[in-house]
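Inspection log for the structure reproduced underneath, given as structure tokens.
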Amino acid sequence: MGNLRFKATESATSRSLQDIKKIESSKPTTIYGKNVFTIAKMKDYLSKNTQKELVQLIEGGHQISREVADHVAQAMKTWAISNGASHYTHWFQPLTGTTAEKHDAFFEPDENGEAIEKFSSDSLVQQEPDASSFPSGGIRNTFEARGYTAWDPSSPAFIFETFAGKTLCIPTVFVSYTGESLDYKAPLLKANAAIDKAATEVVQYFDRSVTKVNTSLGIEQEYFLVDISLYNARPDLQLTGRTLFGHMSAKGQQLEDHYFGSIPERVLAYMVDLENEALKLGIPLKTRHNEVAPSQFECAPMFEEINLAIDHNQLLMNLMEQVASRHNFKVLLHEKPYSGVNGSGKHNNWSLVTNTGVNLLSPGKTPKNNLMFLTFFINTIKAVYEHADLLRASIASHSNDHRLGANEAPPAIISIFLGTQLDEILDEVESARVAKKVKNEASLWHGIPKIPELKLDNTDRNRTSPFAFTGNKFEFRAVGSSANSAQPMTILNAIVAAQLREFKIEVDKQIKKDVKKDLAILNILRKYIKDSKAIRFEGNGYSEEWAIEAAERGLSNIQSTPKALDVYIKEETITLLENMGIYNRRESEARHEILLENFFKKIQIEARVIGEVVTNQIAPACFVYQNDLITNVQGLKGLGLSKEAYSSQLNLIERISNHTNIILQKAEEMRQARKTANNIEDMRSRAIAYDEIVKPYFDLIRYHVNKLEKVIDDAKWPLPKLRELLFLK
Ligand code: ADP
Ligand code: MG
């Protein structure tokens with residue numbers, strides 16, 4: 001009988017670097033943006049007037065005229081075809097969590113039976129992908145099946161290359177016939193507009209020349225690599241993205257010798273190839289290094305405008321998978337592919353930048369600039385404090401539940417780390433001493449402590465905080481590695497926008513009462529510092545004491561997704577998001593429904609996989625070995641040896657029986673539990689049932705399977721072991 005595991009390990013270890021197609025080591029400057037229809041490239045194809053209109057469209061988002069759209073479509077087509085593209089697609093981000101495409105050929109047959117190249121403004125601006133099976137949470141009944149993709153001119157079109165050819169991809173939003181968002185991008189764009197408006201109004205207190213505020217985002221992406229043959233021998237990895245069984249290897253990450261260690265050559269070849277491909281698509285990939293866990297790595301592009309950064313991250317995840325297959329690797333983007341080793345996150349580095357080029361989260365040199373910095377800094381802290389539950393919900397998923405609160409990962413408690421320097425500065429601003437000093441405007445500036453320019457290296461590196469200030473940006477670290485950042489970033493922008501709006505109202509109220517502007521600002525900021533103190537935490541976020549202290553402070557610690565999601569349908573949330581113009585009530589409710597459904601389906605799939613692997617692979621392997629032992633014992637007995645002589649074998653037979661019996665029994669019980677859960681109509685209750693009565697079987701079964709893995713003949717064990725998945729080079 002061929003053991004799949006051995007075939008897999010054999011092919012994994014026999015790979016040589018020669019097998020990998022030679023990577024062209026191109027100079028980044030020559031390939032950067034090669035496959036992107038950038039503004040610079042448009043210059044060759046568009047009249048000055050059209051260019052100007054397009055730039056205005058990108059910046060201001062006003063309606064595009066038919067004529068301009070026609071010109072742009074023609075230009076795009078000419079560029080794409082001259083670069084070898086044969087098809088085009090509207091590229092969008094449905095709520096399934098991946099990206100979607102529907103390819104159409106550029107050519108159409110004409111009445112003479114010849115083919116003509118066709119791509120008009122209609123094909124550019126709007127499409128109806130008839131995508132009735134994308135999740136819509138009931139907004140778009142399948143029988144009407146009408147959803148539209150609409151061009152997002154603020155994200156440039158690009159050509160995606162595969163072995164099968166080249167396709168022009170046009171970034172789009174995906175909305176229903178009745179105008180509701182069915183994707184991640186549409187709400188994000190709305191949230192960006194909301195924060196732009198609110199932040200610009202507040203910046204105007206300090207600088208009247210600012211007319212726009214952009215969000216900038218730099219996304220660090222963590223991932224695991226595993227050899228493709230080993231991956232294919234693990235049904236759990238294949239179908240769920242994580243290992244559902246596996247005894248921890250004798251060496252794990254305890255030596256921490258992987259982090260920033262030298263990168264294995266086979267991996268390096270992958271990274272270089274990935275970087276080349278990313279650069280061609282205009283993704284400014286810059287850093288690469290090993291992560292804490294064995295076989296775990298990270299890559300990060302330079303930060304960009306938020307919409308582009310998120311499109312690029314979605315595209316990067318696709319590329320990572322595509323390039324990996326060329327190197328006989330599989331990329332694991334799951335938050336927790338291996339229990340017992342570190343999980344993967346996607347750190348979202350977030351800040352606000354004015355159209356005059358000022359980073360609003362960068363401490364300034366003058367007291368006035370510092371007051372502006374403090375304004376945005378403190379309002380962000382206040383927003384996170386007020387809406388911590390919503391931020392928590394924005395990163396909730398079944399896969400991230402395994403990571404939040406687990407080994408070496410942010411806990412499910414939202415707190416903010418500022419670093420000693422800034423923590424003390426806020427205490428100082430809040431102190432009574434300052435209050436005394438700033439009674440009148442003449443003395444106001446004494447009340448604002450000098451903020452030394454923070455060197456990035458100086459900012460404390462508290463790796464345990466879910467939301468940390470790192471010099472000139474906040475870093476939201478609790479985002480899961482497989483997530484679309486649009487969800488947490490939509491929420492973050494929404495709550496900061498709402499907070500800034502409230503701030504402006506409060507400050508204006510004081511100004512009306514004849515308080516000088518700067519003093520009014522400082523007064524409100526001091527109040528916010530006081531109000532939001534509970535969210536600030538400088539200690540070890542992974543410690544048990546923190547969970548206790550956080551509870552005393554009244555911070556929530558919601559461990560499971562279905563309960564974390566409740567906040568989405570609270571009246572306050574619905575009103576907040578409606579007021580910010582991001583989701584209407586129907587959209588909030590629909591999203592809540594989709595997230596719950598997604599949650600229980602993931603558990604359902606995992607439960608099925610566990611049932612199958614236990615019954616069809618693990619138990620049979622155990623029986624075979626157990627029969628060997630029985631034959632051995634019978635033989636020894638036949639020789640007339642005393643029971644003493646084979647007591648260990650007997651003991652082993654008994655242990656194998658016990659564990660095998662339990663896993664089969666529990667697998668059956670789990671099947672019954674699934675049935676019970678499936679009979680529950682209400683989506684929230686069903687999701688909770690899956691979480692509370694089905695999921696607990698996972699660890700239980702895993703425990704006994706791992707015991708068996710330890711005692712069964714290595715030659716008979718059917719699944720690649722964690723040691724092999726993590727350490728084979
Ligand atoms: P670390 O691992 O130390 O957190 P990295 O260099 O890996 O740092 O990643 C930091 C990320 O933050 C990069 O993507 C970087 O471009 C981004 N970044 C730097 N400054 C800003 C900023 N002002 N706004 C948003 N992102 C930023
Ligand atoms: Mg980081």
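If you read the sequence from its start, that first residue is 1, and numbering goes on from there. Excluded from the calculations below are hydrogen atoms, water molecules and symmetry mates; all remaining heavy atoms, backbone and side chain alike, are included. All ligand and atom numbering here is 1-based and tracks the order in the structure.
If you look at Leu361 next to ligand 1, there are no close heavy atoms at all, none under 4.0 Å. Contacts between Glu475 and ligand 1 below 4.0 angstrom, taking non-hydrogen atoms only, involve the side chain exclusively.
Stacking of Arg553 on the aromatic ring of Phe537 is not recorded, the 6.0 Å distance cut-off and the 45° axial limit not both being met.
Between Tyr223 and Phe297, the ring planes are tilted. Angles from 30° to 60° get that label. Ring geometry, Phe174 versus Phe92: the interplanar angle falls from 30° to 60°, so the pair is classed tilted.
Per-residue contacts place Glu298 under 4.0 angstrom from the following atoms of ligand 1 (heavy atoms of the residue considered): 7 (O). Within the listing of ligand 1, atoms 10 (C), 11 (C), 12 (O), 17 (C), 25 (C), 26 (N) sit less than 4.0 angstrom from a heavy atom of Asn349.
Polar contact with ligand 1: present for Phe303 (N/O pair, distance under 3.5 Å). The distance criterion of under 3.5 Å between nitrogen or oxygen atoms is met by Pro301 with respect to ligand 1. The N/O atoms of Ser351, backbone and side chain alike, include one that comes under 3.5 Å of an N/O atom in ligand 1.
You'll find the side chain of Gln221 stays beyond 4.5 Å of the side chain of Ser344, heavy atoms only. Residues Trp350 and Lys473 are not in side-chain contact: their nearest non-hydrogen atoms beyond the backbone lie 4.5 Å or more apart.
Other residues, nucleotides and ligands place more than 12 heavy atoms under 6.0 Å from the NZ atom of Lys41.
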